[in-house]
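What follows is one structure encoded as structure tokens, with my remarks underneath.
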Amino acid sequence: MNKIDCPTLITSGIYDPVNPPAKGEILHKLIKNNQFSKFPSGHLLRLECAAQYKETVLDFLRK
């Protein structure tokens, strides 16, 4: 049973071989009240897409 009940941000890099978007999709389906965002990057999306990642996180935190 899902015990996560707070707003949750799920992020995935579309080229990430470690945690591919398919794993993020599973979390997206299991966790209610979430935002799932994909980035055109590998595993280090916060570095590879720094500006887009920062805006996504800040937008999520502002809600």
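Any value given below was found using the heavy atoms of this structure, including those in side chains, with hydrogens, waters and symmetry copies removed.
- Contact detail for Glu48 and Gly42: the closest heavy-atom pair is OE1-N, 2.7 Å.
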Step-by-step side-chain contact (heavy atoms from CB on, under 4.5 Å) determination, Gln35 to Thr56 = CA-CA 10 Å; Gln35 175 184 323; Thr56 299; 3.7 Å; yes

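- The side-chain hydrogen bond (donor to acceptor under 3.5 Å, both in side chains) check on Glu25 picks up Lys38, with sequence neighbours excluded.
- Residues Ser37 and Leu9 come closest through the heavy atom pair OG-CD1, 4.3 Å.
- Heavy-atom minimum distance, Gly24 versus Ser12: CA-OG, 3.9 Å.
- Contact between Cys49 and Ser41 at its shortest, heavy atoms only, is SG-CB, 3.7 Å.
- To the nearest 0.5 Å, the span separating OG1 on Thr8 from CG on Leu30 amounts to 11.5 Å.
- The two residues Gly13 and Pro21 make their nearest non-hydrogen contact at O-CD, 3.5 Å.
- Here the shortest heavy-atom pairing between Lys23 and Val18 reads NZ-O, 3.4 Å.
- Clustering of Ile, Leu, Val, Met, Phe, Trp and Tyr side chains at separations under 4.5 Å places Leu27 together with Ile4, Ile10, Ile31, Phe36.
- At least one donor-acceptor pair closer than 3.5 Å links the side chain of Asn34 to the backbone N or O of His28.
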